[in-house]
J.: 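Shown below is the structure under consideration.
This chain uses plain numbering: 1 for the first residue, then up along the sequence. What you see below is based on every heavy atom in this structure, not just the backbone, and it leaves out hydrogens, waters and symmetry mates.
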Amino acid sequence: MSNPDLVFALGGVGALLAASLPAVLHRLPFSLPLACLLGGMALFLLPFPVLEPDPVAHRAALEHITEICVVISLMGAGLALNRKVGLRRWSSTWRLLGWTMPLTIVALAGAASWLLGWPLAAALLLGAVLAPTDPVLASDVQVGEPVDAENADDEVRFALTSEAGLNDGLAFPIVYAAIALATTGGTAWMGEWALNDVLYRVSAGVLGGMLIGKLLGRLFFHTRKANLRLAEHRDGFVALASTFLAYGLTELVHGYGFIAVFVTACTIRNAERSHGYNGILHGFIEQIERLLTAWLLLLLGGFVAVGGLAPLTWRGAAVALLLLLVIRPLTGWLAQARGPAGPRERAVISFFGIRGIGSLYYLAFALGLADFGVPQEELWAVVAFAVLASIVLHGITATPVMSRLDRLRDGDHTRTPGGMVG
């Protein structure tokens, strides 16, 4: 079998897994990402002549594939949220973005510098790459289909979905800071970085997303010409058009396209909250996202199977586990002090800081622009191990933890103030 033939075969396997496994694994402590990861490891261990999934050799291709997967997942996350944007309604989100994310970056950078002895630029890059939670792999702990009721999203699923939707874009300024530190050193770059990479690009992403979302929302639902009112045609692929349009236009003016896509999705969702077209758009995006995720995780499993983690040292593994077991739970817990989440919800939000495809994208992007003084193979091994550990840890625990949380919440709702079941 030639390599192109095997690529088609692997693509078919990934598509079948993406289609069949969600229903099979729905109530099991075993997630779709974990199944695809193990499937990829098994496939690449078979004696077939296939190209090795080498992220160093194929960095540019990996960058663009993961980029597409992330922007599609951001559109899906924004379309799924039922709660309108607001300071108080999104309190958990702002706490996670304002406290948990920067504290995670600082703690990770410190751990990489201390345990691994990496230079500051590489340590800061690791913090930026692994700080964002992932909208791609977190489907088991995110909100589901869009519905009419604004209060339909419980605090845990809402907080994790909205956090993942925004922190992918907000990691970009720190990635650019690490690149500037690696290429120029010193502090002369900080003024331009603050004005351009932080203030302008974030603002352009937010404003661009709002403008594009309003225009598309009007076109979908409110234009006077019925033949142009796309909601009446029920075409789901329009969600893909919205994703690429928001991302491409914002990137053309040097804004952060990741932020723009999520903001566009939220704005479209708010344009007509009770229309069934929201569900069609979200359903189409969810299918595309699931397919791309399955393919990427097959490749990630192949990366592990062919020895991609060989450069990983015990210190690198310790940094990744420190992130998942100590840094994220602690910073997530502290950020929600006196917030809207109750004690149980607060613990679950803190624990499920899932890492995934976004981290792979950021690393591929940064390595195309600078040399960070650390072998690329080692950087890939540490980041890939963190993603793998997250897939295993959170993939096994998500279903039982969320099911128990739902049962406890339902039990609380059915009890009267006197303690009797109503």
J.: Any heavy-atom pair between the side chains of R404 and L408 that's under 4.5 Å?
T.: yes
J.: Going by heavy atoms in the side chains, are R269 and L81 under 4.5 Å from each other?
T.: no
J.: Among T243, T264, I268, whose side-chain contact (heavy atoms from CB on, under 4.5 Å) with L79 holds?
T.: I268
J.: Answer yes or no: is there a donor N or O on one side and an acceptor on the other, between the side chain of R355 and the main chain of A386, under 3.5 Å?
T.: no
J.: If you apply the rule side chain to side chain contact (heavy atoms under 4.5 Å, CB included), what do you find for F365 with I179, and how did you get there?
T.: CA-CA 10 Å; F365 172 82; I179 292 170; 4.1 Å; yes
J.: Do you know which of T66, L300, L292 makes side-chain contact (heavy atoms from CB on, under 4.5 Å) with I357?
T.: T66
J.: With sequence neighbours excluded, what pairs up with E378 under the salt bridge (charged side-chain N to carboxylate O under 4.0 Å, His left out) test?
T.: none
J.: Taking all heavy atoms of T250 and all of A204, pick out the closest pair and write down the distance.
T.: CG2-O, 4.0 Å
J.: Which pair of heavy atoms, one from V383 and one from L126, lies closest together, and at what distance?
T.: CG2-CD1, 3.8 Å
J.: Give a yes or no on whether the backbone of V70 and the side-chain of S73 come within a donor-acceptor separation of less than 3.5 Å.
T.: yes
J.: Look up atom CG in D154 and atom CZ in R83, then write down how far apart they are to the nearest 0.5 Å.
T.: 8.5 Å
J.: Starting at NE2 of H58, measure out to NE2 of H64 and round the result to the nearest 0.5 Å.
T.: 14.5 Å
J.: Give the minimum heavy-atom separation between L108 and G127, together with the two atoms involved.
T.: CB-CA, 3.8 Å
J.: Heavy atoms, side chains only, cut-off 4.5 Å: are P173 and Y256 in contact?
T.: yes
J.: Whether the S162 and T93 side chains hold a donor-acceptor pair (N or O, under 3.5 Å, no angle test) is what I'd like checked.
T.: yes
J.: Should we count CH2 of W99 as having more than 12 external heavy atoms under 6.0 Å?
T.: no
J.: Give the intermediate values and the outcome of side chain to side chain contact (heavy atoms under 4.5 Å, CB included) for residues M75 and E289.
T.: CA-CA 10 Å; M75 176 60 69; E289 174 191 340; over 6 Å; no
J.: If you measure from CG on L249 to CG on L211, what distance do you get to the nearest 0.5 Å?
T.: 9.5 Å
J.: Nearest 0.5 angstrom please: I105 CD1 to L124 CG, how far?
T.: 7.5 Å
J.: Any side-chain heavy-atom pair from F284 and I288 closer than 4.5 angstrom?
T.: yes
J.: Go through the steps for L281 and F220 under the test side chain to side chain contact (heavy atoms under 4.5 Å, CB included), then give the verdict.
T.: CA-CA 11 Å; L281 293 173; F220 293 173; 4.2 Å; yes
J.: Using a 3.5 Å cut-off and no angle test, enumerate the donor-acceptor pairs between side-chain atoms of residues 336-343 and protein atoms at least two apart in sequence or in another chain.
T.:
residue, atom, partner, partner atom, Å
Q336, NE2, G332, O, 2.8
Q336, NE2, R346, O, 3.4
Q336, NE2, S350, OG, 3.3

J.: Are the charged groups of R89 and E155 less than 4.0 angstrom apart, N to O?
T.: no
J.: Does the W118 side chain pair with the main chain of A109, one donor and one acceptor, at a distance under 3.5 Å?
T.: no
J.: Is there a side-chain contact between T293 and C36, using heavy atoms and a 4.5 Å cut-off?
T.: no
J.: Take S91 and R95 through the test side chain to side chain donor-acceptor pair (under 3.5 Å) and record every step on the way to the result.
T.: CA-CA 6 Å; S91 174; R95 290 166 178 270; 3.2 Å; yes
J.: Calculate, to the nearest 0.5 Å, the distance between atoms SG and CG belonging to C69 and L297 respectively.
T.: 8.0 Å
J.: Quick test of your reading of the model: are R157 and D153 salt-bridged, counting only N-O distances below 4.0 Å?
T.: no
J.: Parallel, tilted or perpendicular: which describes the rings of H394 and F352, with under 30° parallel and over 60° perpendicular?
T.: tilted
J.: Looking at D134 and G356, what are the two nearest heavy atoms and their distance?
T.: OD1-C, 3.4 Å
J.: Which pair of non-hydrogen atoms, one from F44 and one from P53, has the smallest distance, and what is that distance?
T.: CE2-CD, 3.8 Å
J.: If you define the side chain from C-beta out and look only at heavy atoms, does anything of L96 sit under 4.5 Å from I349?
T.: yes
J.: So W94 and L166, do their side chains get closer than 4.5 Å, heavy atoms only?
T.: yes
J.: Please report the C-alpha distance between L363 and L125 in whole Å, then the side-chain angles of each, then the deciding distance to 0.1 Å, and finally whether the side chain to side chain contact (heavy atoms under 4.5 Å, CB included) criterion is met.
T.: CA-CA 8 Å; L363 184 57; L125 176 66; 4.0 Å; yes
J.: Just by modelled atom types, is the L360 backbone N or O under 3.5 Å from a matching donor or acceptor in the W380 side chain?
T.: no
J.: If I take atom CD1 from residue I174 and atom CG from residue L181, how far apart are they, to the nearest 0.5 angstrom?
T.: 11.5 Å
J.: Any luck finding a side-chain donor-acceptor pair between N167 and T133 under 3.5 Å?
T.: yes
J.: Is the closest side-chain donor-acceptor distance between E272 and Y277 under 3.5 Å?
T.: no
J.: Where is the tightest heavy-atom contact between I391 and P33, given as atom of each residue plus distance?
T.: CG2-C, 3.9 Å
J.: Enumerate, atom names and distances included, each donor-acceptor pair closer than 3.5 Å involving a side-chain atom of residues 303-323, sequence neighbours excluded.
T.:
residue, atom, partner, partner atom, Å
T313, OG1, R315, N, 3.4
T313, OG1, G316, N, 3.1
R315, NH1, L115, O, 3.4

J.: With side chains defined as the heavy atoms from C-beta onward, is the minimum distance between T397 and M402 less than 4.5 Å?
T.: no
J.: Could you label the plane-to-plane angle of the F258 and Y361 rings as parallel, tilted or perpendicular, counting under 30° as parallel and over 60° as perpendicular?
T.: tilted
